Amino acid sequence: MRPEDMTLTLNLPLDLEERLRHEAERQGLPADALTLQLLDQHLPVKDSRADLVELLQSWIEGGDAQEQKETGEYLIRALDEDRLSNRPLFPRSSRA
């Protein structure tokens, strides 16, 4: 067991327990594996994009404007230089 794993003890109603065991047998899985699969399918996925947006927003609000501009230009140059194609990913005409 990994340190970040959580152990749950569930008291299932008899009917639900029987349905879980039956479905696990039908799929050829242990009941705990099927339970994990069902939880994964039905719980919302953590939106890591929201965390990224929050981080980027904090950089925008708390940073030096000139430094941000220089960093953005550097990143655009680096991305354009690291392409297999000679066509730039960010053409100069599309930048403000």
Side-chain angles (χ1 to χ4, degrees):
M1 178 181 288
R2 298 178 312 226
E4 67 273 8
D5 287 348
M6 179 192 327
T7 300
L8 294 175
T9 301
L10 300 173
N11 295 315
L12 300 176
L14 186 56
D15 176 57
L16 184 57
E17 179 182 350
E18 288 174 3
R19 289 170 37 212
L20 178 65
R21 287 185 194 277
H22 175 70
E23 184 60 22
E25 287 176 15
R26 190 184 76 73
Q27 292 189 28
L29 296 170
D32 59 341
L34 177 61
T35 304
L36 286 174
Q37 187 180 77
L38 291 169
L39 284 170
D40 188 46
Q41 288 172 355
H42 294 282
L43 289 175
V45 176
K46 182 181 183 307
D47 187 3
S48 60
R49 292 176 296 169
D51 294 339
L52 181 57
V53 167
E54 186 177 324
L55 177 62
L56 290 172
Q57 191 63 41
S58 73
W59 290 349
I60 290 168
E61 292 170 357
D64 173 38
Q66 182 59 33
E67 180 184 0
Q68 289 177 12
K69 182 178 179 188
E70 291 170 5
T71 302
E73 289 171 357
Y74 170 79
L75 289 172
I76 288 171
R77 277 194 315 275
L79 288 170
D80 279 342
E81 289 170 3
D82 193 31
R83 291 180 45 80
L84 296 175
S85 166
N86 288 332
R87 195 176 105 223
L89 184 60
F90 301 98
R92 283 211 166 284
S93 62
S94 68
R95 291 186 236 164

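Just so you know, these numbers come straight off a predicted model, no measurement behind them. These numbers come from the heavy atoms of this one structure, side chains and all, not from hydrogens, waters or symmetry mates.
- Taken from CG in Leu75 to CD in Glu70, the straight-line distance is 12.0 Å, to the nearest 0.5 Å.
- By the criterion of side-chain heavy atoms lying less than 4.5 angstrom apart, applied directly or through intervening Ile, Leu, Val, Met, Phe, Trp or Tyr residues, Leu20 is grouped together with Leu10 in one hydrophobic cluster.
- Put simply, Leu29 and Leu36 are part of two different groups of oily side chains (I, L, V, M, F, W, Y) that touch within less than 4.5 Å, one to the next.
- Residues Leu12 and Leu34 fall within the same hydrophobic cluster, defined by Ile, Leu, Val, Met, Phe, Trp and Tyr side chains chained together at heavy-atom separations under 4.5 Å.
- At most 12 non-hydrogen atoms from other residues, nucleotides or ligands lie less than 6.0 angstrom from CD of Glu54.
- Sorted by first then second residue, the salt bridge (Lys or Arg N to Asp or Glu O under 4.0 Å) pairs that include residues 10-22, not counting sequence neighbours, are Asp15-Arg19, Glu17-Arg21.
- The hydrophobic clustering, which links ILVMFWY residues whose side-chain heavy atoms are closer than 4.5 Å, places Leu43 and Leu16 apart.
- Of all the heavy atoms in Leu55 and Ser58, the pair that sits closest is O-OG, 2.6 Å.
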